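The structure that follows is given in the form of structure tokens.
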Amino acid sequence: DYIYNLLVDAYNIRKEKNETVTIKASDGINLVGHYYERDKNAPLIIFFHGLWSNGYVSGEPTYKITKNQGWNLLLVSMRAHDESEGNIFTLGVKERYDCVDWANWAAKHFGRETPIFLMGISMGGAVVTMSSNLDFPDSVCGIIEDSGFTTSTKMLELNCKSHLPKGMPVEVFKIFADVGIKLWGGFNLKEADACKAVSQTKIPILIIHGDMDNLAPLYMAKEIYNSCKSSKEIYIVHGAGHAENYKKDPEEYEKIITTFIKERVP
């Protein structure tokens, strides 16, 4: 029932009146987002979805929260997903810079007085934290990460074991994966590191994570939190699996996010 209702809600969000926004990424590809305006003077939440998902499904809770609070929302399609261009998703390496491109577009389009918050879930959560040490406009007031992780390399290592051929050590797989990604993907996964990024940022960070997350274990959220040198908060949802934090406790989830944003709106 929950999944069915989620998909129905996602379909309705897609059909609701919005403005389609297309920007040019730093490497020349077109990125697409959908803007939902509630109040011209309200904060703007730029939301980044999970891997192999889209903004309507991953962003359904965020859509509800922003509508309740009267905030503006931009649901973006990450590269190589949905309407955005790109032949390959780089697991955070290039997507970090896409976050900056979206923030720069928003600051130019709405003015630098409009408070901007970046939010992402799962892969999207990792991407926004991985981007936190880059050159954002001053109007970016905070980053909210839900169910993110430290590095994509570590995620591959943790989650590939059950899918490897019998007898192949994880270390051998990592060598092949690293070489293949560099040769055919043209990028280096080591460039995307959430802990390193937050250790160099001044942007306030809110981390939300479930203590039953088996895909991105809780210790990753704690590592990111402990590495962060800016203002930071962590909210652990008891009994929640991966990307199930809103589902487990929707009222407290909204309260935590609302408080974080309201405290940082000039």
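Quick caveat: nothing in here was measured; it's all calculated off a predicted structure.
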Measuring from Ile45:CD1 to Leu74:CG, what's the distance to the nearest 0.5 Å?
->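 Rounded to the nearest 0.5 Å, the CD1-CG separation comes out at 10.5 Å.
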
Spell out, as yes or no, whether a donor-acceptor pair under 3.5 Å connects the side chain of Asn245 to the backbone of Gly210.
->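 Indeed, once roles are kept as given, a pair shorter than 3.5 Å links the two residues.
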
Under 6.0 Å from the CG atom of Asn214, do we count more than 12 heavy atoms belonging to anything else shown?
->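 Count not over threshold, so no.
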
For Ala194, does its backbone N or O pair with a side-chain atom of Thr129 as donor and acceptor, under 3.5 Å?
->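 Side chain of Thr129 to backbone of Ala194: no pair is present.
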
Does Thr259 reach the main-chain N or O of Ile256 with its side chain, forming a donor-acceptor pair under 3.5 Å?
->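 Looks like no, no N/O pair under 3.5 Å.
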
Side chain of Ser132, backbone of Val128: donor and acceptor closer than 3.5 Å?
->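 A pair under 3.5 Å: no.
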
Contacts of type side chain to side chain contact (heavy atoms under 4.5 Å, CB included), residue Leu7, not counting sequence neighbours =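 Counting only residues at least two positions away or on another chain, Leu7 forms a side chain to side chain contact (heavy atoms under 4.5 Å, CB included) with Ile3, Val57.
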
For the pair His81 (side chain) and Trp52 (backbone), establish whether a donor and an acceptor sit closer than 3.5 Å, ignoring hydrogens and angles.
->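 Yes: the side chain of His81 pairs with the backbone of Trp52.
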
Would you find a donor on one side and an acceptor on the other, under 3.5 Å apart, between the side chain of Ser131 and the backbone of Cys99?
->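 Flag not set: sc Ser131 to bb Cys99 has no pair under 3.5 Å.
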
For Tyr56, enumerate each residue passing the ring pair (Phe, Tyr, Trp, His ring centres under 6.0 Å) test, keeping only those at least two apart in sequence or located in another chain.
->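 For Tyr56, the residues satisfying ring pair (Phe, Tyr, Trp, His ring centres under 6.0 Å) (neighbours in sequence not counted) are His34.
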
Of all heavy-atom pairs between Met130 and Thr151, which one has the smallest distance, and what is that distance?
->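 Closest approach of Met130 to Thr151: CE-CA, 4.1 Å.
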
What distance separates Glu254 CD from Thr62 OG1, expressed to the nearest 0.5 Å?
->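 Rounded to the nearest 0.5 Å, the CD-OG1 separation comes to 10.0 Å.
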
How about Asn30 and Lys24: does a side-chain donor come under 3.5 Å of a side-chain acceptor?
->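 Side-chain D/A pair, Asn30 to Lys24: present.
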
Please list every donor-acceptor pair under 3.5 Å in which a side-chain atom of residues 104-118 meets a protein atom from a residue at least two apart or in another chain.
residue : atom : partner : partner atom : Å
Asn104  : ND2  : Val100  : O            : 3.3
Thr114  : OG1  : Phe110  : O            : 3.3

Leu6 reachable from Leu51 in the ILVMFWY side-chain graph, under 4.5 Å edges |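 They do not share one cluster, since no chain of ILVMFWY contacts under 4.5 Å joins Leu51 to Leu6.
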
Counting only heavy atoms not in Tyr11, do more than 12 fall under 6.0 Å of its OH?
->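 Check fails, neighbour count at 12 or below.
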
Is the shortest side-chain N to carboxylate O distance from Glu233 to Arg264 below 4.0 Å?
->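 Salt bridge flag = yes for Arg264 with Glu233.
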
Determine whether more than 12 heavy atoms belonging to other residues, nucleotides or ligands lie under 6.0 Å from atom NZ of Lys196.
->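 Check fails, neighbour count at 12 or below.
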
Between Asp138 and Lys202, is there a side-chain N and carboxylate O pair less than 4.0 Å apart?
->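 Not counted as a salt bridge, because no side-chain N and carboxylate O are separated by less than 4.0 Å.
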
Shortest non-hydrogen separation from Glu16 to Tyr36 and the atoms involved =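 Heavy atoms of Glu16 and Tyr36 come nearest at O-CE2, 4.1 Å.
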
Charged tip of Lys247 within 45° of Tyr2 ring normal and under 6.0 Å |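 Yes, Lys247 lies over the aromatic ring of Tyr2.
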
Does NZ or CZ of Arg79 come closer than 6.0 Å to the centre of the six-membered ring of Phe48, within 45° of the ring's axis?
->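 Because its charged atom misses either the 6.0 Å distance or the 45° angle limit, Arg79 does not stack over Phe48.
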
Does a donor on one side chain sit under 3.5 Å from an acceptor on the other, for Tyr253 and Glu251?
->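 Glu251 and Tyr253 do not have a side-chain donor-acceptor pair below 3.5 Å.
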
Answer yes or no: are there more than 12 heavy-atom neighbours, outside Asn5 itself, under 6.0 Å from its atom CG?
->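 Yes.
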
